[in-house]
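Below is one structure; the comments refer to it alone.
Heavy atoms only: backbone and side chains are in, while hydrogens, waters and symmetry mates are out. Letters A, B, ... are given to chains in the order of the sequence lines, protein chains preceding strands, and every chain is numbered from 1.
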Number of protein chains: 2
Amino acid sequence: MEGNKRVSIIDVAKKAGVSIATVSRVINRNGGYSKETEERVRRTIEECGFTPNVNAIGLRTNRSNSIGVIVPDITNEFFARIIRELDAFLLSRRYSLLVCNSNEDYMLENMHIKGLAEKHVDGIIYISGQNEIKKMNEIKGLPIVYIDRAPKNAEVLILSDNETGGYLAGRELIQKGCRRILFLRDIRYASTVRSRKEGFVRALQEKGMAFSEELEMSCFPEYAEARVVLERLLKEKGCFFDGIFATNDMMALACVNVLTENQIKVPGQVKVVGFDNISLTQFTSPQITTVAQDTKELAIHAADTILKMIEDEEIKQKRTIIPVRLVVRETT
Amino acid sequence: MEGNKRVSIIDVAKKAGVSIATVSRVINRNGGYSKETEERVRRTIEECGFTPNVNAIGLRTNRSNSIGVIVPDITNEFFARIIRELDAFLLSRRYSLLVCNSNEDYMLENMHIKGLAEKHVDGIIYISGQNEIKKMNEIKGLPIVYIDRAPKNAEVLILSDNETGGYLAGRELIQKGCRRILFLRDIRYASTVRSRKEGFVRALQEKGMAFSEELEMSCFPEYAEARVVLERLLKEKGCFFDGIFATNDMMALACVNVLTENQIKVPGQVKVVGFDNISLTQFTSPQITTVAQDTKELAIHAADTILKMIEDEEIKQKRTIIPVRLVVRETT
DNA sequence: CTGAAAGCGCTAACAA
DNA sequence: TTGTTAGCGCTTTCAG
């Protein structure tokens with residue numbers, strides 16, 4: 001804690017023998033200075049170890065060079081990957097990330113939004129969350145980009161091609177010989193899940209197969225819940241199906257494990273496809289066939305879009321769909 | 001974008017018919033105002049939807065109410081859990097988190113540190129990273145708390161009781177009948193891993209068992225790498241051991257899978273213990289016995305400590321050790 | 001108990 | 001090409 005005082009633009013100006021305006025100009029590359037002056041100022045900045053005070057800049061310009069990210073659960077690998085990519089991309093643009101974990105909790109989310117507004121973030125990237133966003137006073141006029149889930153009143157949206165994902169999953173199962181495919185979905189039935197079902201049904205119809213209600217099951221999208229559902233189904237009705245499409249990988253894994261424990265061979269008797277391609281799917285045996293969402297692309301598009309909105313560029317593409325791909329492994 | 005201008009303390013003061021100083025006082029609960037004045041000001045603040053401008057506050061007070069967190073890989077559940085807890089705890093103290101993913105990359109890490117310094121964070125929580133931190137100019141005087149790994153020149157440190165963790169793992173294996181236990185460790189041999197080994201060896205010695213070099217293997221701590229190492233070992237020397245202690249869960253899982261694929265029964269012939277208690281360990285079959293680190297405690301201590309340092313309180317406990325516990329599941 | 005006013009570090013309009 | 005200067009919104013002395 002010695003010589004605590006930070007060096008300011010004034011110190012630099014004095015030391016370089018110019019005015020603070022000039023220093024400011026070269027920092028911001030605004031032009032209007034000679035080559036020599038620039039050289040001298042830059043050297044001085046270097047020597048003093050000067051770094052601009054973002055609070056002062058923010059106060060003046062109403063900008064903070066930071067972006068808020070709200071995510072339901074950072075512990076979920078899918079979301080964590082998006083954050084990692086956002087972080088990498090935005091660092092290169094000299095932005096930083098204020099990360100907020102909403103825990104899917106409405107109150108927490110609102111507190112975080114307030115906090116972000118107070119912190120004067122330049123924009124918010126909303127990774128999933130509620131199905132309807134209440135536009136709070138605090139964030140009126142603040143650029144917001146939604147990823148993944150699509151709240152009703154969202155304006156700018158980046159999502160995976162869930163419909164095609166469902167289709168690919170269905171087609172894979174059918175091609176590998178399945179005729180009665182169970183559809184195990186997130187009980188909350190968000191727009192993403194609905195799209196996956198649509199694609200899945202399309203694949204069925206393409207082969208003249210009908211989708212029947214009794215083949216659809218739902219549960220809270222977690223390992224333990226999915227286990228319970230499948231165990232009960234097996235006990236009550238036996239193994240009357242030969243394929244399962246689960247709307248996420250944790251549920252798919254639960255199915256594989258329950259099946260195996262019940263001496264039902266995977267993929268011999270029943271084939272399974274998941275969704276998300278979390279790394280876990282490679283570490284199980286058998287490894288799980290799944291639909292991969294392109295988290296990197298999702299993140300980069302979101303970051304790019306929010307930056308454009310911050311610069312007041314017009315966003316012509318309000319809704320971007322990122323392609324998915326099928327990753328065939330050992331459960332099909 | 002209508003009526004864009006944010007309401008400031010001046011607006012509130014005018015509307016409440018007091019001076020800005022008074023408004024400031026009640027906001028900060030600094031005392032020196034009557035009950036009535038306070039009441040009136042509070043109501044006005046409410047009515048206007050006033051939120052203080054943190055940039056202005058930061059400029060005045062040299063505080064930002066934000067804390068930087070540097071983490072090697074947010075995609076790793078162990079780190080993600082810590083961030084989640086930090087976020088929850090710090091939100092309640094009106095701090096926000098600037099999250100930086102270092103990717104274990106030296107250059108990236110330094111860029112992030114610079115960014116954090118410019119952003120005027122009030123402190124930095126350093127979750128692991130290099131083994132030696134170069135104190136950069138930018139962060140002199142900035143409170144830093146290290147979690148998990150212990151760089152040489154770290155002053156304040158929060159870590160898990162890795163020694164006991166290793167001991168518990170060893171004892172569990174021995175109690176369940178193991179006599180030749182393989183020690184599979186992270187090849188980088190950080191201080192955490194060294195402690196785990198020490199505890200493990202202590203458990204051995206307690207039972208009069210010796211630790212022999214040929215029982216120690218190392219690799220980059222990932223699923224695929226661990227697989228390769230164990231597969232080769234099995235091919236070259238056969239299954240000459242009856243237990244494995246792996247220094248993280250991914251390696252433990254790799255062992256279980258390789259063993260199973262080679263018709264070696266787990267836990268029948270070989271028992272396995274991992275480290276970290278990531279959620280994956282419950283989703284495999286057999287479920288993996290492991291040593292749980294208390295991420296919540298780790299996070300809360302770190303947050304609490306950094307807050308104290310920010311308040312210039314003296315930190316008497318420079319080095320805090322958080323207890324671990326053994327979670328017995330199906331591989332032992 | 002309350003108010004006036006200085007000033008934190010910076011940008012941008014205006015002058016020169 | 002460069003300098004001067006008025007604030008941005010807030011906290012905090014100092015006076016009253």
Side-chain angles (χ1 to χ4, degrees), chain A residues 4-42 44-45 48-66 94 117-122 138 141, chain B residues 4-42 44-45 48-66 94 117-122 138 141 310-311:
Chain A
N4 230 341
K5 201 84 180 63
R6 281 178 52 141
V7 347
S8 80
I9 200 173
I10 302 183
D11 304 315
V12 176
K14 270 195 198 123
K15 200 163 175 208
V18 296
S19 75
I20 58 168
T22 299
V23 176
S24 173
R25 284 188 192 105
V26 346
I27 292 172
N28 297 302
R29 298 185 150 73
N30 277 340
Y33 41 77
S34 68
K35 205 90 203 93
E36 300 149 23
T37 311
E38 172 172 12
E39 169 64 19
R40 188 147 34 92
V41 171
R42 289 215 184 285
T44 315
I45 287 176
C48 307
F50 165 78
T51 58
N53 182 325
V54 283
N55 282 324
I57 298 175
L59 183 56
R60 230 356 267 245
T61 61
N62 248 315
R63 290 280 216 86
S64 64
N65 261 261
S66 62
R94 315 222 57 206
E118 283 179 14
K119 289 264 158 28
H120 263 202
V121 294
D122 298 332
E138 282 85 349
Chain B
N4 231 341
K5 201 84 182 63
R6 281 180 51 143
V7 348
S8 82
I9 200 172
I10 303 183
D11 304 315
V12 176
K14 270 195 198 124
K15 199 162 174 207
V18 296
S19 74
I20 60 169
T22 300
V23 177
S24 173
R25 285 186 192 106
V26 347
I27 291 171
N28 298 301
R29 297 186 151 72
N30 278 339
Y33 42 77
S34 67
K35 204 88 205 95
E36 299 149 26
T37 311
E38 172 173 12
E39 168 64 17
R40 188 147 35 91
V41 170
R42 288 215 185 286
T44 315
I45 287 177
C48 306
F50 165 77
T51 59
N53 181 324
V54 284
N55 282 324
I57 298 175
L59 182 57
R60 237 345 274 246
T61 61
N62 248 316
R63 291 280 216 82
S64 64
N65 262 262
S66 61
R94 313 222 60 208
E118 284 180 13
K119 288 266 160 29
H120 263 201
V121 293
D122 299 332
E138 281 87 349
I310 290 169
E311 302 297 347

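- A donor-acceptor pair is defined here as one N or O able to donate and one able to accept, closer than 3.5 Å; such a pair exists between the side chain of A:Asn53 and the backbone of A:Asn55.
- A salt bridge links B:Arg42 with B:Glu38: the distance from a Lys NZ or Arg NE/NH1/NH2 to an Asp or Glu carboxylate oxygen falls below 4.0 Å.
- When distances are taken from the side chain of A:Ile9 to each of D:dC10, D:dT12, C:dT11, the shortest belongs to C:dT11.
- With rounding to whole Å, A:Ile10 atom CD1 is found 11 Å from C:dG7 atom P.
- Rounded to an integer number of Å, the gap from B:Leu59 CG to C:dT11 P is 12 Å.
- Candidate nucleotides C:dG3, D:dC10, C:dC10 were compared by shortest atom distance to the side chain of B:Ser19, and C:dG3 ranks first.
- Residues from residues 23-37 of chain B with heavy atoms under 4.0 angstrom of DNA chain D, sorted by number: B:Ser24, B:Arg25, B:Asn28.
- Distance, A:Asn65 CG to C:dT11 C1': 14 Å, rounded to whole Å.
- In this structure, B:Arg63 pairs ionically with B:Glu311, as a charged nitrogen and a carboxylate oxygen lie closer than 4.0 Å.
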Inset, instruction - Any chance you could lay out the side chain to side chain contact (heavy atoms under 4.5 Å, CB included) test for A:Lys15 and A:Cys48, step after step, and finish with the verdict? - result: CA-CA 9 Å; A:Lys15 200 163 175 208; A:Cys48 307; 3.9 Å; yes
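- Checking B:Ala21 against A:Asn53, the closest nucleotide of DNA chain C that is more toward the 5' end is the one next to B:Ala21.
- Put simply, CZ on B:Phe50 and OG1 on B:Thr44 are 11.5 Å apart, with the number rounded to the nearest 0.5 Å.
- When each of C:dT2, D:dT2, C:dC8 is scored by its nearest atom to the side-chain atoms of B:Thr22, the top-ranked nucleotide is C:dT2.
- Using modelled atom types, one side-chain atom of A:Asn28 and one backbone atom of A:Ser24 make a donor-acceptor pair closer than 3.5 Å.
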